[in-house]
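So the structure is just underneath, and the comments pick up after that.
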Amino acid sequence: MNDKEKLDLVPQIHEEGNMLYKQGQINEAMEKYYNGIACLKNLQMKEHPGDGTWLKLDHMITPLLLNYCQCKLLQGQYYEVIDHCSSLLFKYEDNVKALYKRAKAHAAVWNEREARADFAKVLELDPSLEQSIAKELRVMEDKIRAKDKEEKNRYKGLFSAPPATAMTG
């Protein structure tokens with residue numbers, strides 16, 4: 001398959017991934033997105049970083065990578081989501097979808113400060129997401145309260161004085 005054929009195949013791969021995702025076949029969808037990314041990265045390696053063709057390919061990779069990250073979020077692969085979204089945000093700092101996914105991943109791994117910062121940036125960039133963000137923040141706060149309560153109960157008796165026992169001799 002030549003480079004043009006590979007490039008022409010990527011939108012089809014992307015669409016197949018979307019169909020699989022909608023059918024709840026997350027692993028299969030993720031594999032399609034991964035294959036599309038790999039194909040584009042392979043083509044991108046033949047270009048000079050930063051030139052027009054390289055940038056065009058990079059812009060084609062971005063939605064595939066975001067879809068891949070959505071699958072990883074659903075699988076609980078939060079650190080991988082954080083890594084991929086951070087690399088996207090390094091290049092495209094105002095990518096709302098990357099910020100939102102990274103915020104959700106941070107919240108899932110108890111990085112409360114980072115999650116709040118990302119959610120705040122999302123809200124700044126797209127105020128229409130206010131309700132979604134408020135919901136995500138409530139979920140995160142509820143989980144934090146539950147975790148704190150669980151830890152409090154776990155350690156409740158740990159530091160109290162042991163019961164006095166009578167010494168007999």
Side-chain angles (χ1 to χ4, degrees), residues 10-11 13-45 47 49-51 54-152 154-155:
V10 171
I13 293 170
H14 192 162
E15 188 55 38
E16 289 170 6
N18 290 349
M19 296 282 285
L20 290 164
Y21 181 85
K22 287 175 187 164
Q23 294 169 1
Q25 298 178 47
I26 304 306
N27 288 334
E28 294 82 356
M30 189 176 64
E31 189 176 322
K32 289 286 184 186
Y33 298 138
Y34 181 85
N35 289 338
I37 293 165
C39 183
L40 291 170
K41 290 264 188 199
N42 182 279
L43 294 171
Q44 197 178 37
M45 286 183 352
E47 302 298 329
D51 75 7
W54 188 93
L55 288 170
K56 180 183 174 220
L57 293 167
D58 204 53
H59 286 289
M60 290 176 72
I61 290 169
T62 299
L64 285 164
L65 187 55
L66 287 168
N67 290 359
Y68 179 81
C69 285
Q70 180 61 33
C71 294
K72 287 292 186 180
L73 259 179
L74 294 173
Q75 291 182 328
Q77 302 292 319
Y78 305 118
Y79 291 105
E80 190 170 344
V81 173
I82 291 168
D83 287 345
H84 286 305
C85 289
S86 294
S87 72
L88 274 174
L89 290 163
F90 181 75
K91 295 184 280 186
Y92 310 107
E93 63 185 32
D94 290 345
N95 187 305
V96 173
K97 290 180 179 181
L99 278 164
Y100 191 82
K101 289 175 193 331
R102 188 174 74 174
K104 287 183 69 151
H106 275 307
V109 296
W110 309 106
N111 294 341
E112 180 183 4
R113 190 183 57 196
E114 292 87 345
R116 287 185 185 282
D118 281 350
F119 281 132
K121 180 78 171 167
V122 168
L123 195 55
E124 178 186 314
L125 294 169
D126 189 349
S128 73
L129 293 173
E130 184 176 6
Q131 283 186 322
S132 296
I133 291 169
K135 179 183 172 213
E136 293 293 340
L137 288 171
R138 275 193 306 276
V139 167
M140 181 178 74
E141 289 162 359
D142 289 347
K143 286 181 179 179
I144 289 169
R145 272 194 294 280
K147 180 182 171 209
D148 288 347
K149 185 177 179 182
E150 181 185 314
E151 286 179 357
K152 219 177 262 182
R154 185 180 307 141
Y155 298 116

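- Atom CD of Q23 has more than 12 neighbouring heavy atoms from other residues, nucleotides or ligands inside a 6.0 Å radius.
- Just one residue in the list K104, K97, K101 forms a side-chain hydrogen bond (donor to acceptor under 3.5 Å, both in side chains) with Q70, and that residue is K101.
- Between Y33 and N18 the shortest side-chain heavy-atom distance falls below 4.5 Å.
- Screening residues 18-44 for salt bridge (charged side-chain N to carboxylate O under 4.0 Å, His left out) gives E16-K32 as the qualifying pairs, with residues at least two apart or on separate chains.
- Using the six-membered ring where Trp is involved, Y68 and Y34 have ring planes that are tilted, between 30° and 60° apart.
- Closest non-hydrogen pair, P63 versus H14, comes out as CB-CE1, 3.9 Å.
- Using modelled atom types and a 3.5 Å distance limit, the side chains of D126 and Y100 yield no donor-acceptor pair.
- Shortest non-hydrogen contact noted between L55 and G50 is CD1-O, 3.4 Å.
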Practice problem: Give the C-alpha distance, both sets of side-chain angles, the deciding distance and a yes or no for side chain to side chain contact (heavy atoms under 4.5 Å, CB included) between Q75 and M30. | Solution: CA-CA 10 Å; Q75 291 182 328; M30 189 176 64; 3.4 Å; yes

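- Of the charged side-chain nitrogens involved, none lies within less than 4.0 Å of a carboxylate oxygen, so that K143 and E150 do not count as a salt-bridged pair.
- Screening residues 57-82 for salt bridge (charged side-chain N to carboxylate O under 4.0 Å, His left out) gives D58-K91, K72-E80 as the qualifying pairs, with residues at least two apart or on separate chains.
- The two residues Y78 and V109 make their nearest non-hydrogen contact at CB-CG1, 3.5 Å.
- Residue-environment remark: CD (E15) exceeds the threshold of 12 foreign heavy atoms within 6.0 Å.
- Closest non-hydrogen pair, L123 versus L129, comes out as CD1-C, 4.4 Å.
- Here the two rings, on Y92 and H59, have centers that are under 6.0 Å apart.
- Between R145 and D142 there is a salt bridge, since a side-chain N of the basic residue sits under 4.0 Å from a carboxylate O of the acidic one.
- Using a cut-off of 4.0 Å between Lys/Arg side-chain N and Asp/Glu carboxylate O, K121 and D94 are scored as salt-bridged.
- Among all heavy-atom pairs drawn from A103 and A115, the shortest one is O-CB, 3.5 Å.
- In terms of heavy atoms, V81 sits closest to A105 at CG1-CB, 3.9 Å.
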